[in-house]
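One structure below.
So that the names make sense, note that chain A is the first sequence line, chain B the second, and so on, each numbered from 1.
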Protein chains: 2
Amino acid sequence: MTSGSPDAAADGTRWLDAEEQKAWRAYLFSSMLLQDRLDRELTHSTGISHAYYEILVALSETPGRSMRMSELADRCLSSRSRLSHAVSRLEERGWVRRQTCPEDGRGQLAVLTDEGFEALDAAAHVHVESVRTHLFDQLSPEQIASMRDVGETLLRHLGPR
Amino acid sequence: MTSGSPDAAADGTRWLDAEEQKAWRAYLFSSMLLQDRLDRELTHSTGISHAYYEILVALSETPGRSMRMSELADRCLSSRSRLSHAVSRLEERGWVRRQTCPEDGRGQLAVLTDEGFEALDAAAHVHVESVRTHLFDQLSPEQIASMRDVGETLLRHLGPR
DNA sequence: AGAGCGTAGTTGAAGGCTTGACTATTCCGC
DNA sequence: GCGGAATAGTCAAGCCTTCAACTACGCTCT
């Protein structure tokens, strides 16, 4: 919807003016295209989607290579249900296994297996190279700094759900 | 994967250093959270997902409120198959109808109905207000300008598939 | 005219995600 | 320690997306 007035209209809606529209669309489309591109390159050359990759990364970065399901879900910006399904599929591939949590009988630990670590290692090369090619190689140091600044500002607002 | 060296390692992979990691994650997580938030607010208060919204917007901005399927797919960053399914569902709701293209017998035109336009009109208020609240209200004019600049730079690289 | 090729769009099956309901376990106040 | 509330995780149904055919039409060369 392109609508007339730059600020609050008669109906109270604060429509976007033409410049704001352009800024918003450039941001939206670029982030969608970038995510799409990275996900496809990763999926096609390793068989691991970006969502699964994030799970493996999170586990690999933790001492013991294991994490509670809920914590893992939070880190991966995933719902619990989605994570549960994803871990089941990773388990089928032999990359992760479940283990009941010693401290809390309700809890489950997702543990990265050695096979999982190897798969991640292979995927990491591909993924990092993609991020460099499509993001860092395209931007100046100043642009990278602004990108981070904008990202962090938005995170402070969006982070606490 | 957090890996040691800042630049090209022995294996040739140009790993990200700690600062690059932070910049990349801030960008990725903020754009994911933002899209998720906007989509949820729109879906919950209007029953229209962001993907459908984009389709309706594209149609509404065109003279005749109609567009060829392929062109529509491109504008919505959608595959043809995905768009075809989506239009079928919008058709069931009575918001869009299909019409064979006069100039090219192979082609189909998606046409926005009056009901579709009304639904879009209602949704637009909600969506624009969300974008303001979660994006523009959070950023300074300088940040907005950088966001646009970064987005446009990335688009020039990613746009031509 | 007709063969062959490219383009436009659709379809169906397979798999992923979301929602909401459900089970199991722990925590807390008495 | 016991009953109720809260928390952790799973599961099933339904929707969405993807992939790979598949149909239908137009274009070109002979």
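Checked by distance alone, Ser70(A) brings no side-chain donor or acceptor within 3.5 Å of a matching partner on the base of dT7(D). Judged by distance alone, with hydrogens and angles left aside, Ser81(B) brings no side-chain donor or acceptor close enough to the base of dT17(D) to form a pair under 3.5 Å. The base of dC16(D) has none of its N or O atoms less than 3.5 Å from a complementary donor or acceptor on the side chain of Ser49(B).
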Exercise. What do the steps show when you test Glu152(A) against Arg156(A) for salt bridge (Lys or Arg N to Asp or Glu O under 4.0 Å), and what is the final call?
Worked result: CA-CA 6 Å; Glu152(A) 287 174 346; Arg156(A) 278 192 292 279; 5.1 Å; no

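Between the NE2 atom of His50(A) and the P atom of dG16(C) there is a distance of 17 Å, rounded to whole Å. Rounded to an integer number of Å, the gap from Ile55(B) CD1 to dC16(D) C1' is 12 Å. Look at CD on Glu103(B): it is 17 Å from C1' on dC27(D), rounded to the nearest Å. To the nearest angstrom, C1' of dT18(D) lies 12 Å from CG of Asp39(A). Summarising the geometry, the separation between CZ on Arg82(A) and C1' on dC11(D) is reported as 18 Å, rounded to the nearest angstrom. Note: CG (Leu90(A)) to P (dG15(C)) measures 16 Å, nearest angstrom. Rounded to an integer number of Å, the gap from Arg80(B) CZ to dC22(D) C1' is 16 Å. Per the geometry, CD belonging to Glu92(B) stands 15 Å off P belonging to dG14(D), to the nearest Å.
With respect to Arg80(B) and Glu71(B), no salt bridge is recorded, no charged nitrogen being found less than 4.0 Å from a carboxylate O.
Aromatic ring pairs are classed by plane angle as parallel below 30°, tilted from 30° to 60° and perpendicular above 60°; the pair Trp15(A) and His125(B) is perpendicular.
DNA chain C is contacted by both Tyr52(A) and His44(B); Tyr52(A) maps to the nucleotide lying nearer its 5′ end (nearest heavy atom per residue). Between Asp104(B) and Met69(A), it is Met69(A) whose nearest contact on DNA chain D lies nearer the 5' terminus.
OP1 and OP2 of dC27(D) both lie 4.0 Å or more from every side-chain N or O belonging to Arg106(B). Taking side-chain N and O atoms only, Arg98(A) has a distance below 4.0 Å to OP1 or OP2 of dT10(D). Proximity of Arg68(A) to the phosphate of dG9(D): a side-chain N or O atom is located under 4.0 Å from OP1 or OP2. Applying the 4.0 Å criterion to OP1 and OP2 of dC16(D), one finds that Arg89(B) has a side-chain N or O inside that range.
The side chain of His85(B) lies closest to dG12(C) when the candidates are dT19(C), dC17(C), dG12(C).
Taking the ring axis of Tyr27(A) as reference, the NZ or CZ atom of Arg148(B) does not stay both within 45° of it and closer than 6.0 Å to the ring centre.
Under the 3.5 Å distance criterion, the side-chain polar atoms of Thr113(A) are matched with a main-chain donor or acceptor of Gly94(A).
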